[in-house]
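So you know, we letter chains A, B, ... as the sequences are listed, proteins then strands, and number each from 1.
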Amino acid sequence: MFPDIQETLEDLERRYPERDLPKGAEVTRFAPSPTGFLHTGSLFASLIAQTFAHQSGGIFFVRLEDTDTKREIVGSDLALIEQMAAFGVAPDEGFGAREPGRHGPYRQSERARIYKTVIKELVRRGDAYPCFASTEELDELRKYQESRKILTGYYGSFAKYRDYPVEKAVSDIESGRPYVVRFRSQGDHNCYIKVRDEIRGSLSLSQNDQDIVILKSDGLPTYHFAHVVDDHFMRTTLVSRGEEWVASLPIHIEMFARLGFNTPRFAHLPVIMKLDEGKKRKLSKRRDVEAAVSFFLEHGYPVAAVIEYLFTIANSNFEEWRLLNKTASLTDFKLTFEKMSLDGALFDMAKVVFISKEVLAAKSAQELLTETRAYAMSYHPGLLDLIDRDPEYFKAIVNIEREKENPRKDYSSYESIYEFIKYFYRDHYETSLDLTRLNPAVPVATVRSLLWALSTRMAFESDEPAWFEGFKAIAGEYGFAPSGKIFKQNPDLYIGHIGDAAEILRLALTGLKQTPNLFQIMKVLGRPEVVSRLEFVIDKLPQK
RNA sequence: GGCCCGUUGGAGAAGCGGUUUAACUCAUAUCCCUCUCAAGGAUACAUUCAUGGGUUCGAACCCCAUACGGGUCACCA
């Protein structure tokens with residue numbers, strides 16, 4: 001078998017030595033298959049692998065599991081790396097790393113010789129054998145087993161090709177008959193093994209007794225085999241992967257043992273879930289927008305917020321730590337498996353939004369300008385247009401009520417900024433102005449006179465209290481009480497109170513009933529624009 | 001269906017045999033502040049830890065059963 005393979009297991013051991021790392025340093029990995037864009041759960045997994053490697057002074061690498069040629073999507077390999085990088089996850093070694101690393105290749109499709117070397121040895125030892133069973137045969141076997149209510153699968157006496165004569169196997173292969181290679185299990189389904197999982201603790205699992213396929217008929221290895229071989233020769237110390245793998249742990253354990261490899265430590269990560277009609281299910285790329293990491297990029301959620309959120313579901317003590325270390329870097333937080341939940345958290349978009357608001361509120365106007373512009377260039381031409389008309393103007397807008405102890409938290413994403421600031425731009429202001437929204441209780445004539453007075457006499461050049469005093473005085477002339485309290489004491493004396501007058505001004509200036517502080521808006525707009533907008537409105541007011 | 005794992009408020013969760021009146025964060029609600037909104041401040045929200053039974057002087061914490069939820073049973077990863 002495999003006459004072209006001359007290398008031995010020993011050669012491989014020599015070629016891929018243990019890394020020279022300090023004690024306790026973890027070698028971790030992320031092993032995606034290139035079947036589409038990065039899933040939020042995968043980002044979570046890669047983030048955790050990277051964090052454990054880095055906080056222990058170890059190495060995080062990426063290995064591409066591209067052995068399923070049918071499901072592969074061309075180009076998704078690079079997209080995966082790019083999207084990880086966008087979230088600050090970057091391999092130290094392996095696929096997509098600057099440093100290629102000495103334990104490669106890191107693309108499974110390029111490791112065929114390594115797998116064949118191991119398989120050749122396994123077959124020589126009698127621990128693996130070629131199997132010629134067809135799909136139909138296998139189907140029939142399963143149906144038979146199901147009808148008898150016995151354990152299904154290819155194992156024990158059902159493993160028809162276990163003892164197929166060697167000469168016949170050789171001639172069958174030479175004649176081109178398709179085959180797979182199976183691992184000859186020695187396990188007993190009724191015996192249990194104890195396995196330690198870093199998150200779940202000690203697990204008691206039934207031994208594997210299936211002669212699983214390790215090499216498919218297309219000559220590529222299956223996941224189970226590639227995992228064992230790769231994580232051994234890549235010298236992984238800590239395998240972190242989704243919890244869907246715990247069920248196949250006995251297979252892996254048996255192979256590690258029979259190959260004489262040390263087993264790495266395992267951490268089976270919880271899967272991120274979603275509530276769907278009262279039932280929990282895995283976050284699905286097809287049904288849930290937030291399942292694809294690109295969603296956050298496209299909508300301009302700051303990556304720091306997404307990462308921060310992922311940490312809150314990774315470790316339950318993270319939020320408390322963050323409260324005490326408000327400005328500390330994420331790398332100062334020590335992630336542990338003890339504080340990791342066993343079952344999947346429900347993805348909470350509301351919390352992502354909350355964290356995003358906090359993250360954006362903490363930024364300076366300059367940072368916001370730079371980052372928003374970068375976002376807009378890729379995803380939002382409309383926003384880019386506004387920014388590029390005058391970056392300083394944009395900065396001034398976004399700086400409103402920012403440089404204070406409790407800055408505004410309006411923006412939940414870069415994308416959301418657009419809707420909040422549109423009215424500062426004349427064209428958007430004019431098209432969105434809707435005077436029917438004016439309070440009908442105030443006569444149009446009063447509105448007109450008030451706005452006229454405001455446009456000619458309102459002073460907002462000095463400070464805010466001075467402006468507000470002046471505003472109250474002018475409003476008073478037209479029957480508005482200087483405060484809600486005073487208005488309530490004698491409602492008949494007034495047509496409204498200062499809040500109502502402010503609403504008129506606000507609507508006239510912005511087209512909106514809810515905006516940040518009016519004084520600051522006018523400061524940004526500037527006197528000529530304020531006057532011009534007021535005149536524009538007076539002009540538009542119905543004539544009666 | 002078999003086998004694994006789990007079940008504390010709307011969400012993430014802390015607690016792991018006795019000062020727990022079950023932390024903390026988000027969400028929600030009310031109030032205060034206030035030119036509106038956002039923010040901020042205050043308060044409320046699980047008499048009870050899926051249910052039933054045990055063990056114990058004492059249980060969310062230990063044991064058993066039931067229910068429910070998740071995972072897995074491929075030449076997919």
Problem set entry | Given RNA chain B, 5'-ward residue of the pair R281(A) and L151(A), judged by closest heavy atom | L151(A)
Problem set entry | Gap between atoms NZ and P, on K143(A) and G1(B) respectively (whole Å) | 22 Å
Seminar exercise, completed: Pairing partner of U7(B), by Watson-Crick or G-U wobble and under 3.5 Å for both distances, is A67(B)
Seminar exercise, completed: As its Watson-Crick or G-U partner within any shown strand, both distances under 3.5 Å, G2(B) has U72(B)
For this session: Using the C1' atoms only, state how far U72(B) lies from A11(B), rounded to an integer number of Å.
Result: 27 Å
Problem set entry | Y494(A) and D500(A) side chains, donor-acceptor separation under 3.5 Å | no
Exercise. When you compare A38(B) with U47(B), how far apart are their P atoms, in angstrom units rounded to a whole number?
Worked result: 31 Å
For this session: Just compare A13(B), C76(B), C24(B) and give me whichever is closest to any side-chain atom of L323(A).
Result: C24(B)
Exercise. Does T35(A) have a side-chain nitrogen or oxygen under 4.0 Å from the phosphate oxygens OP1 or OP2 of C76(B)?
Worked result: no
Exercise. When you check the phosphate oxygens OP1 and OP2 of A14(B), does a side-chain N or O of S316(A) lie under 4.0 Å from one of them?
Worked result: yes
Exercise. Roughly, in whole Å, what's the span from NE2 in H252(A) to P in A77(B)?
Worked result: 11 Å
For this session: Report the nucleotide, chosen from C3(B), A77(B), G70(B), that has the shortest atom-to-atom distance to any side-chain atom of D68(A).
Result: A77(B)
Exercise. Taking the side chain of R408(A) as heavy atoms from C-beta outward, which of A77(B), G12(B), A38(B) is closest to it?
Worked result: A38(B)
For this session: Count the heavy atoms of every other residue, nucleotide or ligand shown that sit under 6.0 Å from CZ of F37(A), and state whether that count exceeds 12.
Result: no
For this session: Count the heavy atoms of every other residue, nucleotide or ligand shown that sit under 6.0 Å from CD of E146(A), and state whether that count exceeds 12.
Result: yes
For this session: Would you mind reading off the distance between M349(A) atom CE and G12(B) atom C1', rounded to a whole angstrom?
Result: 15 Å
Exercise. Taking CD from E244(A) and C1' from C5(B), how many angstroms apart are they, rounded to a whole number?
Worked result: 14 Å
Problem set entry | d(CG, L275(A); C1', C26(B)) in whole Å | 16 Å
Problem set entry | From G12(B), A11(B), C35(B), nucleotide with atom closest to K280(A) side chain | G12(B)
Exercise. K339(A) side chain N/O closer than 4.0 Å to the phosphate oxygens (OP1, OP2) of G15(B)?
Worked result: yes
Problem set entry | Pairing nucleotide - U36(B), Watson-Crick or G-U, each distance under 3.5 Å | none
Exercise. Picking from V447(A), L509(A), V537(A), what satisfies side-chain contact (heavy atoms from CB on, under 4.5 Å) with I504(A)?
Worked result: V447(A)
For this session: With RNA chain B as reference, determine whether V246(A) or E464(A) sits nearer its 5' end, using the nearest nucleotide of each.
Result: V246(A)
Exercise. Does any donor-acceptor pair link the side chain of T222(A) with the base of C75(B) at a separation under 3.5 Å?
Worked result: no
Exercise. Given the P atoms of G6(B) and C61(B), what is the spacing between them in whole Å?
Worked result: 15 Å
For this session: Round to the nearest Å and state the distance from I212(A) atom CD1 to A77(B) atom P.
Result: 11 Å
Seminar exercise, completed: pair_partner(C49(B)), Watson-Crick or wobble, both distances < 3.5 Å, evaluates to none
For this session: Provide the distance between the two C1' atoms, one in C16(B) and one in C76(B), to the nearest whole Å.
Result: 39 Å
Exercise. Would one find a side-chain N or O of K216(A) under 4.0 angstrom from OP1 or OP2 of C76(B)?
Worked result: yes
Problem set entry | Rounded distance (Å) that lies between atom P of A74(B) and atom CZ of R71(A) | 15 Å
For this session: Can you figure out which of A13(B), A11(B), A38(B) approaches the side chain of L346(A) most closely?
Result: A11(B)
For this session: Write down the distance separating the P atoms in G70(B) and A59(B), rounded off to the nearest Å.
Result: 33 Å
Problem set entry | Options C24(B), G70(B), C35(B), nucleotide nearest the side-chain atoms of E320(A) | C24(B)
Exercise. Is U30(B) paired to anything, Watson-Crick or G-U wobble with both distances less than 3.5 Å, and if yes, which nucleotide?
Worked result: A42(B)
Exercise. Which of the following nucleotides, A11(B), C35(B), A77(B), is nearest to the side chain of Y223(A)?
Worked result: A77(B)
Exercise. According to a strict under-4.0 Å criterion, is T67(A) in side-chain N/O contact with OP1 or OP2 of A77(B)?
Worked result: yes
Problem set entry | Distance below 4.0 Å between K351(A) side-chain N/O and A13(B) OP1 or OP2 | no
Problem set entry | Test side-chain contact (heavy atoms from CB on, under 4.5 Å) applied to Y129(A) and V181(A), D211(A), L122(A), V123(A), the passing residue | D211(A)
Exercise. So, is K409(A) close to the G40(B) phosphate, meaning a side-chain N or O under 4.0 Å from OP1 or OP2?
Worked result: yes
Exercise. With a 3.5 Å cut-off and just heavy-atom distances, do the side chain of R200(A) and the base of C5(B) make a donor-acceptor pair?
Worked result: no
For this session: Please confirm whether R182(A) makes a cation-pi placement over Y161(A), using NZ or CZ under 6.0 Å from the six-membered ring centre and within 45° of the ring normal.
Result: no
For this session: Could you work out which one of C35(B), G15(B), G69(B) sits closest to the side chain of W467(A)?
Result: C35(B)
For this session: Establish, yes or no, whether the cationic atom of K120(A) lies under 6.0 Å from the six-membered ring centre of F2(A) and within 45° of the ring axis.
Result: no
Exercise. Hey, is NZ on K488(A) packed in by over 12 heavy atoms from elsewhere, all under 6.0 Å?
Worked result: no
Exercise. Whom does U20(B) pair with, Watson-Crick or G-U wobble, provided both distances fall under 3.5 Å?
Worked result: none
For this session: Please indicate whether K485(A) has more than 12 foreign heavy atoms, meaning atoms of other residues, nucleotides or ligands, lying under 6.0 Å from its NZ.
Result: no
Exercise. When the P atoms of C49(B) and U25(B) are considered, how many whole Å apart are they?
Worked result: 24 Å
Exercise. From the list G70(B), A13(B), C75(B), which nucleotide is the closest neighbour of the side chain of A345(A)?
Worked result: A13(B)
Problem set entry | Rounded C1' spacing from A13(B) to C24(B) in Å | 8 Å
Exercise. Which nucleotide in the list G6(B), G40(B), C35(B) gets nearest to the side chain of L342(A)?
Worked result: G6(B)
For this session: Confirm from the modelled atom types if E72(A) and C76(B) form a donor-acceptor pair under 3.5 Å, side chain to base only.
Result: no
Exercise. Y115(A) OH to A77(B) C1': how many Å, rounded?
Worked result: 13 Å
